[in-house]
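Since the model is a prediction, treat every value here as computed from it, not as a measurement. For ligands, and for the atoms within them, numbers begin at 1 and follow the listed sequence.
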Amino acid sequence: MPALVLLGAQWGDEGKGKATDLLGGSVDYVVRYQGGNNAGHTVVVGDQKYALHLLPSGILSPECVPVIGNGVVVDPAVLLSELSGLNERGVDTSKLVISGNAHLITPYHQTIDKVTERFLGKRKIGTTGRGIGPAYADKINRVGIRVQDLFDESILRQKVDAALQDKNQILVKIFNRRAISTDQVVEEYLGYAEQIRGYVADTTLLLNNALDAGKVVLMEGGQGTLLDVDHGTYPFVTSSNPTSGGACTGTGVGPTKITRVIGILKAYTTRVGSGPFPTELLDEDGEKLRTIGGEFGVTTGRNRRCGWFDAVIARYATRVNGLTDFFLTKLDVLTGWERIPVCVAYDIDGRRVEELPYNQTDFHHAKPVYEYLPGWSEDISKAKTVADLPKNAQAYVKALEEMSGAPISAIGVGPGRTETIEVNSFL
Ligand code: GDP
Ligand code: IMO
Ligand code: MG
């Protein structure tokens, strides 16, 4: 039975948390497949607002089983504090399942993340400083520590010791920092083991059995397509695969099981951290989008860079993810502009380019070619159907759909669960 993927079509913060939560009530499992607590997913239920970092947004739907897949990097201290924070607010988290194969973020990953950024100076990536990149680097380097290692002290000690051999040399000799002791890390991490043990399982088997039994599995991406380490604006990316292929490797669910790939698409564009952003606005309009859209990071509190909608990026997201649908978010934020520019192509050194350039230098030189669509001034936050939207808002959605290459199956008109126009069913 169907597995659905829900992922960011731009540079993250498109509203994945809200979309996942909305679908969470109708699916059996919600699984995070990559990233870690670099994510910040906001879910608004009634008058309650939740900020989730590591836990799948499905955790707020009582019927749904939330899963942390093997592709995620887990900071156990963050995991436990996020769980207790939710418990204090009356959310039942007991159904959570965590893959024993997921890798752990350790204090040395966070230290290396921060000092590397500091040494990069002006060339820094602008990471979230959560140790994500170094933890994935260790995974690929085969010196990572996995969740299952917490339950075998001797293996944990050997692995931490091996991982720290070269890291301590680098920390002390290159970065002028203090060495990290194996004992300290092992002691701290053994302290988490018993609190986490009850959640750990073979999540690949669990999810495939569930699919065979006709259950519905929703795979929730963190970050977004342009932050993908393979398909994004490298090197200004995260260190995992938020694109749809990552949903397979990060869960152990094969591509033949996936029936829908839903791209979450903001009605304009934002980006946090460094890197090229052709439609970025450094003027009053950018400030207005930031203020009205509340574009401040959920994880780091940084101002998000804001700009107009970029159809070249949306088309690219359709292509590299095989998107079947879009969920357009934050249309309400665009209320009040007389006309709304939409980037339809790039001008790169005098050439008109319709597709995202694979060459980094070209992308750095890309200037947006805008078409101007008429705006609207009516409040749209109560709209329940497309027909409730002003004509110009309907035309804006239609134009984005035509430019982006996949149907827009839902439209967000406010942060709340119910502030959504459902155009086509996802299930
Ligand atoms: P995520 O990382 O993709 O889950 O997105 P974030 O939670 O970081 O940022 C999206 C923000 O937009 C959150 O504050 C959401 O509550 C809010 N949001 C989501 N959809 C809508 C929408 O349709 N309209 C408005 N006004 N806000 C929305
Ligand atoms: P959600 O899931 C927006 C960005 C960081 C930085 C780059 C690398 O809420 O959409 P990292 O710490 O991952 O090594 O940082 O990626 N970044 C995000 N930007 N939303 C996110 O998550 C992000 N997670 C990472 O700002 O530019
Ligand atoms: Mg976010």
Side-chain angles (χ1 to χ4, degrees), residues 6-22 32-45 48-54 56-57 72-73 75 105 109-110 112-114 116-117 124-137 220-229 232-240 242 263-277 289 292-305 327-335 379-381 383 410-421:
L6 189 158
L7 53 81
Q10 295 151 321
W11 274 289
D13 303 325
E14 299 90 349
K16 296 176 293 293
K18 171 187 158 160
T20 303
D21 170 66
L22 185 72
R32 273 283 303 272
Y33 58 83
Q34 48 65 240
N37 60 308
N38 48 349
H41 295 179
T42 317
V43 179
V44 179
V45 187
Q48 293 289 309
K49 184 168 170 177
Y50 300 89
L52 301 166
H53 297 284
L54 180 56
S57 305
V72 174
V73 283
D75 183 327
I105 300 176
H109 295 126
Q110 291 168 48
I112 290 167
D113 193 355
K114 287 177 189 144
T116 309
E117 282 282 275
K124 72 176 182 193
I125 310 291
T127 73
T128 59
R130 302 298 192 262
I132 305 292
Y136 276 115
E220 178 188 13
Q223 294 76 52
T225 301
L226 273 292
L227 288 172
D228 186 283
V229 69
T233 46
Y234 190 90
F236 302 103
V237 293
T238 192
S239 300
S240 67
I264 313 304
L265 187 68
K266 212 179 271 195
Y268 50 96
T269 314
T270 62
R271 171 163 208 175
V272 196
S274 320
F277 178 0
L289 282 174
I292 301 175
E295 298 296 354
F296 307 96
V298 178
T299 300
T300 57
R302 289 178 287 180
N303 277 4
R304 292 176 182 157
R305 300 158 65 193
F327 188 135
L328 186 71
T329 60
K330 306 192 94 162
L331 185 65
D332 52 302
V333 174
L334 293 179
T335 300
D379 174 17
I380 62 169
S381 62
I411 304 164
V413 291
R417 230 182 225 177
T418 53
E419 290 168 309
T420 307
I421 299 173

Of all the heavy atoms in Gly8, does at least one lie under 4.0 Å from an atom in ligand 1? no
Under 4.0 Å between a Lys/Arg side-chain N and an Asp/Glu carboxylate O for Asp75 and Arg130? no
Of all protein heavy atoms, the one nearest atom 26 (N) of ligand 1 is Asp332 OD2, 2.7 Å
Counting only heavy atoms closer than 4.0 Å, does ligand 2 sit against the backbone of Asp113, its side chain, both, or neither? neither
Under 4.0 Å from one or more heavy atoms of Gly412, ligand 1 contributes atoms 23 (O)
Which ligand 1 atoms does Gly15 reach within 4.0 Å, using its non-hydrogen atoms? 1 (P), 3 (O), 4 (O), 5 (O)
What protein heavy atom sits nearest atom 9 (O) of ligand 1, and how far away is it? Arg304 NH1, 3.5 Å
Applying ring-ring contact (aromatic ring centres under 6.0 Å, His included), name anything that partners Phe277, two or more places apart in sequence or on another chain. Trp11
What is the nearest protein non-hydrogen atom to atom 12 (O) of ligand 2, stated with its residue, atom name and distance? Thr128 OG1, 2.6 Å
So between Thr270, Leu7, Val237, Val229, whose heavy atom ends up nearest atom 7 (C) of ligand 2? Val237
Of Gln223, Lys16, Glu14, Arg302, the residue with the heavy atom nearest atom 22 (O) of ligand 2 is Gln223
Looking only at heavy atoms, is any part of Lys330 under 4.0 Å from ligand 1, and if so is it the side chain, the backbone, or both, or is it neither? both
Taking 4.0 Å as the limit for heavy-atom contacts, which would you say applies to Val413 with ligand 1: side chain only, backbone only, both, or neither? backbone
Nearest-neighbour protein heavy atom for atom 15 (C) of ligand 1, which is reported as residue plus atom name and distance: Thr42 CB, 3.9 Å
Ligand 2 contacted by Gly126 (non-hydrogen, < 4.0 Å): yes
Ranked by distance from atom 22 (C) of ligand 1, the top protein heavy atom is Gly414 O, 3.2 Å
Counting from 1 in the order shown, the ligand 2 atoms closer than 4.0 Å to a non-hydrogen atom of Gly12 are 10 (O), 20 (N)
Quick one, Thr300 with Arg302, criterion side chain to side chain donor-acceptor pair (under 3.5 Å). Give me CA distance, side-chain angles, the key distance, then yes/no. CA-CA 5 Å; Thr300 57; Arg302 289 178 287 180; 2.9 Å; yes
Under a 4.0 Å heavy-atom limit, does Asp13 contact ligand 1 with its side chain, its backbone, both, or neither? both
If waters are left out, how many protein N/O/S atoms lie within less than 2.8 Å of the Mg ion (ligand 3)? 2
Are any non-hydrogen side-chain atoms of Val72 and Tyr33 less than 4.5 angstrom apart? no
Using a 4.0 Å heavy-atom cut-off, say whether Phe236 meets ligand 2 through its side chain, its backbone, both or neither. neither
Shortest reach to atom 17 (N) of ligand 2 by a heavy atom, considering only Thr42, Asn37, Leu227: Leu227
Give the atom numbers and elements of ligand 1 that come within less than 4.0 Å of a heavy atom of Val298. 8 (O)
Could you tell me which atoms of ligand 1, counted from 1 in the order shown, lie closer than 4.0 angstrom to a heavy atom of Gly17? 4 (O)
Gly222: numbered ligand 2 atoms lying under 4.0 Å from its heavy atoms: 2 (O)
